[in-house]
Amino acid sequence: MAFEAKAFAHAELMGAQFVSFDQESQTILMNFCAPESFITPRGSVQGGLVAGFLDEAMGWAYTHSTGGTHSPLMVDVNFSILRPVPQGKLVATGRVIKAGKRVLYLAAELMAPDGTLLARSTSTCIPTPNPGASAA
């Protein structure tokens with residue numbers, strides 16, 4: 001299952017593009033593009049918006065792992081910005097660490113196109129059914 005980024009205004013704003021999903025490792029690969037409007041006076045992406053890239057990758061990893069029937073409802077998120085996140089192309093991986101019936105553990109990394117690690121996150125979530133989705 002791939003998603004159409006233009007169907008979600010926030011994903012379009014972040015330049016989100018699905019690249020691949022590996023069911024065995026429950027890992028998604030996504031591309032993003034940080035627009036000029038995300039850049040602070042210090043010249044890098046604002047921290048809360050960095051968290052948004054990471055959250056998007058984690059969320060889609062879980063949604064893809066369920067075939068689209070469920071999405072995560074975030075209880076908490078921890079993220080670390082390791083280097084300033086520049087304007088332009090970014091690459092993210094998101095993965096399901098553990099998925100139970102009541103609690104999910106997710107993780108993500110945000111990188112420059114050359115593979116330089118820029119930020120990472122973990123999140124604890126509640127699995128929630130997607131309206132209109134049916135279990136296959």
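Only a predicted model underlies this, so the values are computations on that prediction, with no experimental measurement involved. We use all heavy atoms of the structure for the numbers below, so side chains are in, but hydrogens, waters and symmetry mates are not.
- Shown here for Lys89 and Pro113, the closest heavy-atom pair between the two residues is O-CD, 3.4 Å.
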Apply side-chain contact (heavy atoms from CB on, under 4.5 Å) to Gln26 and Arg95, showing your working.
CA-CA 6 Å; Gln26 296 192 346; Arg95 77 184 165 280; 5.7 Å; no
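- Of all non-hydrogen atoms in Ser71 and Asn130, the two that sit nearest each other are OG-OD1, 3.0 Å.
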Worked check of side-chain contact (heavy atoms from CB on, under 4.5 Å) between Val77 and Asp55
CA-CA 8 Å; Val77 65; Asp55 177 44; 5.9 Å; no
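- The shortest heavy-atom contact between Gln87 and Pro35 is CG-C, 4.0 Å.
- To the nearest 0.5 Å, atoms CG (Leu104) and CD1 (Ile97) are separated by 11.5 Å.
- Between Gln23 and Ser65, the shortest heavy-atom contact is NE2-O, 3.5 Å.
- Both Leu54 and Met30 sit in one connected hydrophobic cluster of ILVMFWY residues. Membership requires side-chain heavy atoms under 4.5 Å apart, directly or through other members.
- Criterion: ILVMFWY side-chain heavy atoms under 4.5 Å apart, direct or through other members. Under it, Met74 and Val96 are part of a common hydrophobic cluster.
- The side chain to side chain contact (heavy atoms under 4.5 Å, CB included) with Val45 is formed by just one residue from the set Val85, Thr40, Leu110; it is Val85.
- In this structure, CG on Leu106 lies 8.5 Å from OH on Tyr62, to the nearest 0.5 angstrom.
- What you find for Phe32 and Ala92 is that their closest heavy atoms are CE1-CB, 3.6 Å.
- In this structure, CG in Leu117 is found 7.0 Å from CE in Met111, a value given to the nearest 0.5 Å.
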Let's go through Phe38 and Met14 carefully: what are the C-alpha distance in whole Å and the side-chain angles of both, what is the deciding distance for side-chain contact (heavy atoms from CB on, under 4.5 Å) to 0.1 Å, and is it a yes or a no?
CA-CA 9 Å; Phe38 283 20; Met14 296 189 306; 4.2 Å; yes
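- Smallest separation of non-hydrogen atoms from Ile81 and Gly47: CD1-CA, 3.7 Å.
- Criterion: ILVMFWY side-chain heavy atoms under 4.5 Å apart, direct or through other members. Under it, Tyr105 and Met58 are not part of a common hydrophobic cluster.
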Side chain to side chain donor-acceptor pair (under 3.5 Å) between Thr27 and Asp22, intermediate numbers included:
CA-CA 5 Å; Thr27 301; Asp22 180 69; 5.6 Å; no
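- One hydrophobic cluster, built from ILVMFWY side chains closer than 4.5 Å, holds both Leu118 and Phe79.
- Note: Ser121 OG to Asn78 CG = 8.5 Å, rounded to the nearest 0.5 Å.
- Residues Val103 and Thr124 have side chains in contact (heavy-atom distance under 4.5 Å, counting atoms from C-beta outward).
- Between Phe18 and His64, the ring-plane angle classifies as parallel under the 30° and 60° cut-offs.
- In the displayed structure, Glu36 atom CD is contacted under 6.0 Å by at most 12 heavy atoms of other residues, nucleotides or ligands.
- For the side chain to side chain contact (heavy atoms under 4.5 Å, CB included) with Thr93, the lone residue among Ile28, Leu29, Val19 that qualifies is Leu29.
- A continuous path of Ile, Leu, Val, Met, Phe, Trp and Tyr side chains, each step under 4.5 Å between heavy atoms, connects Leu73 with Val75, placing both in one hydrophobic cluster.
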